[in-house]
There are 2 protein chains.
Amino acid sequence: MPSADRRLQPRRKPRQVRAELTRERILTAAAHVFTEYGYAAGTTNRIAERARISIGSLYQYFPNKDAILAQLLIRHIDRGTWTEADRLDLSPGTLRETVQALVRDAIDSHSEDPQLLRIMIEEAPLSRDLLEAVDRHGRIRTAQIRDLLSRHPDVRVGDVGTAADLILFTIEMNTHKLMAAPSAVPVETFAGELVDMVTRYLRGD
Amino acid sequence: MPSADRRLQPRRKPRQVRAELTRERILTAAAHVFTEYGYAAGTTNRIAERARISIGSLYQYFPNKDAILAQLLIRHIDRGTWTEADRLDLSPGTLRETVQALVRDAIDSHSEDPQLLRIMIEEAPLSRDLLEAVDRHGRIRTAQIRDLLSRHPDVRVGDVGTAADLILFTIEMNTHKLMAAPSAVPVETFAGELVDMVTRYLRGD
DNA sequence: AGAATAGCTGAGCTATTGCTCACAATAGTG
DNA sequence: CACTATTGTGAGCAATAGCTCAGCTATTCT
């Protein structure tokens with residue numbers, strides 16, 4: 001990474017345990033505050049207040065507000081919440097089962113803190129670097145799914161790349177909606193229909 | 001409408017032509033500024049500057065910043081850009097043709113100013129009233145599609161309501177993505193796959 | 001223990017933004 | 001032209017936000 005954005009790097013590295021703890025408190029508080037107030041109204045002072053540390057301490061570990069949210073997003077990605085689909089490669093199974101696993105992963109990824117995820121995705125002023133990281137992650141996932149699709153005997157679809165894009169995005173967005181604002185329809189029902197749609201599409205009639 | 005939000009109503013009604021013109025300039029400028037800078041960074045002063053009117057004039061026709069974006073959204077809805085699907089009821093045709101029409105409408109609705117639409121949808125701090133208006137509009141559309149689906153002989157799907165929700169949202173979001181950030185895949189190809197997916201789903205195998 | 005290092009504090013600086021208001025300019029009216 | 005109603009102006013106010021820094025406390029080192 002030659003072009004790591006300086007404005008997202010911490011200005012001081014924690015060397016003592018209590019420092020690491022403070023850093024942790026900041027991130028936890030930020031997650032809560034952003035969830036409750038949104039990004040714009042989630043001020044750094046509010047975060048510090050909630051973390052029960054001074055505003056000065058906050059700025060010793062994060063150079064600016066954006067960096068806090070960036071860190072939260074990075075964590076979310078790194079934690080593999082978006083990457084757990086790797087195991088799909090190992091267990092082919094029915095086409096339907098595969099799609100079900102995809103949807104389940106998406107749901108899992110969103111059940112942790114749907115509100116925060118929404119804010120990170122929709123409200124965050126993502127930096128070049130961060131956008132690229134998210135994008136890179138997306139490309140990797142797409143590539144994985146593309147491979148999976150091209151290997152599966154039941155998949156009959158024009159272009160596997162386009163199909164991978166289409167179904168990943170469709171699953172992601174529908175899940176997102178499902179988790180962010182619980183509708184009248186039960187989750188299982190909606191998820192089932194989603195699986196149906198994607199499966200039928202991939203099977204090509 | 002008994003509970004029209006006062007904070008979104010103009011404080012002065014234009015009575016002369018030049019006033020109406022000024023109002024128009026403000027809205028046009030706002031659309032440009034919001035598109036270019038986003039909602040938060042699209043300041044009222046910037047809007048006034050771009051409209052070549054003073055900031056004071058701006059606040060004679062719009063009580064606050066939110067009201068400007070609200071007006072833009074209302075216009076977008078009223079213009080029927082989201083409602084042109086009505087004609088679908090009149091021309092049943094093939095299931096595939098119907099879905100194609102739906103996708104086409106969605107694309108049309110987004111081609112005008114995808115960036116601005118994104119901002120209105122994602123960044124705008126929508127008021128209660130406005131949210132309700134958008135929601136009401138959504139429900140009407142869903143109801144229309146539900147009727148359409150239940151009348152169509154080729155549709156074989158568990159619950160028509162869930163299906164209507166699912167396909168409307170899927171079409172909307174995919175189109176949104178398609179228009180907001182042009183991908184490597186040509187629009188027609190992607191749209192075609194989207195139509196395929198929805199059609200196969202509705203046909204139930 | 002004393003020095004050095006790391007960590008923490010919070011009043012307040014700087015910058016920005018939404019918005020007001022006293023006044024000026026223009027258009028309509030008789 | 002004189003008078004009123006409508007429209008336009010822009011310096012600047014009030015509020016708020018991100019962020020700094022001089023000094024304090026806690027921990028580690030020797």
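Below, chain A is the first sequence line, B the second, and so on; all start at residue 1. These numbers were taken from a predicted model, which means no experiment stands behind them. Side chains included, hydrogens not; waters and symmetry mates left out as well; all remaining heavy atoms used.
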Take atom [atom1] of [X] and atom [atom2] of [N], then tell me their distance rounded to the nearest Å.
X        : N       : atom1 : atom2 : result
Glu20(B) : dT26(C) : CD    : P     : 21 Å
Tyr59(B) : dC23(C) : OH    : C1'   : 20 Å
Asp66(B) : dG18(C) : CG    : C1'   : 10 Å
Lys65(B) : dA15(D) : NZ    : C1'   : 15 Å
Phe62(A) : dC8(C)  : CZ    : C1'   : 15 Å
Asn64(B) : dA14(D) : CG    : P     : 20 Å
Ile68(B) : dC19(C) : CD1   : C1'   : 11 Å

*Heavy-atom contacts under 4.0 Å between residues 24-44 of chain B and DNA chain D, which residues?*
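The stretch gives none, as no residue of it lies under 4.0 Å from the strand.
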
Can you tabulate the close N/O pairs, meaning under 3.5 Å, that link protein atoms to atoms of nucleotides 9-13 of chain D?
{"residue": "dT9(D)", "atom": "OP2", "partner": "Ser54(B)", "partner atom": "N", "Å": "2.9"}
{"residue": "dT9(D)", "atom": "OP2", "partner": "Ser57(B)", "partner atom": "OG", "Å": "3.3"}
{"residue": "dG10(D)", "atom": "N7", "partner": "Ser54(B)", "partner atom": "OG", "Å": "3.3"}
{"residue": "dG10(D)", "atom": "N7", "partner": "Gly56(B)", "partner atom": "N", "Å": "3.4"}
{"residue": "dG10(D)", "atom": "O6", "partner": "Gly56(B)", "partner atom": "N", "Å": "3.4"}

_Nearest 0.5 angstrom please: Leu178(A) CG to Ile171(A) CD1, how far?_
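Output value for this atom pair is 12.5 Å.
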
*asked:* List the residues meeting side chain to side chain contact (heavy atoms under 4.5 Å, CB included) with Asp135(B), not counting sequence neighbours, and say none if there are none.
replied: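 Asp135(B) satisfies side chain to side chain contact (heavy atoms under 4.5 Å, CB included) with Arg139(B) only.
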
*Quick one: bend of the helix from dA1(C)-dT30(D) to dG30(C)-dC1(D) from 5 pairs per end, to 10°?*
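Taking the rotation axis at each end, their angle is 10°.
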
*Have a look at Leu194(A) and tell me which of Ile107(A), Asn174(A), Ile167(A) forms a side chain to side chain contact (heavy atoms under 4.5 Å, CB included) with it.*
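Answer to the side chain to side chain contact (heavy atoms under 4.5 Å, CB included) test with Leu194(A) among Ile107(A), Asn174(A), Ile167(A): Asn174(A).
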
*With Arg146(B), the side chain to side chain contact (heavy atoms under 4.5 Å, CB included) member among Thr162(B), Asp159(B), Val160(B)*: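 Running side chain to side chain contact (heavy atoms under 4.5 Å, CB included) over Thr162(B), Asp159(B), Val160(B) with Arg146(B) returns exactly one hit, Val160(B).
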
*Tyr59(B) versus Thr44(B): any side-chain heavy-atom pair under 4.5 Å?*
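The answer is yes; the side chains approach within 4.5 Å.
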
_Between the side chains of Glu112(A) and Arg75(A), is the shortest nitrogen-to-carboxylate-oxygen separation below 4.0 Å, so that they form an ion pair?_
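Answer for the salt bridge query: no.
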
*Could you check which of dA6(C), dG8(D), dC19(D) has an atom nearest any side-chain atom of Gln16(A)?*
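For Gln16(A), the side-chain atoms sit closest to dA6(C).
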
*Leu58(B) versus Ile53(B), closest heavy-atom pair with distance*: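 Reported closest heavy-atom pair: N-CD1, 3.7 Å.
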
Can you give me every donor-acceptor pair (side chain of residues 30-42 of chain A, partner residue at least two apart or in another chain, under 3.5 Å) with its distance?
{"residue": "His32(A)", "atom": "ND1", "partner": "Thr28(A)", "partner atom": "O", "Å": "3.3"}
{"residue": "Thr35(A)", "atom": "OG1", "partner": "Ala31(A)", "partner atom": "O", "Å": "2.6"}
{"residue": "Thr35(A)", "atom": "OG1", "partner": "Asp113(A)", "partner atom": "OD2", "Å": "3.4"}
{"residue": "Tyr39(A)", "atom": "OH", "partner": "Asp66(A)", "partner atom": "N", "Å": "3.3"}
{"residue": "Tyr39(A)", "atom": "OH", "partner": "Asp66(A)", "partner atom": "OD1", "Å": "2.4"}

*asked:* Once salt bridge (Lys or Arg N to Asp or Glu O under 4.0 Å) is applied, what residue pairs with a partner in residues 185-196 of chain A remain, sequence neighbours excluded?
replied: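 Listed by first then second residue: Arg96(A)-Asp196(A), Asp196(A)-Arg200(A).
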
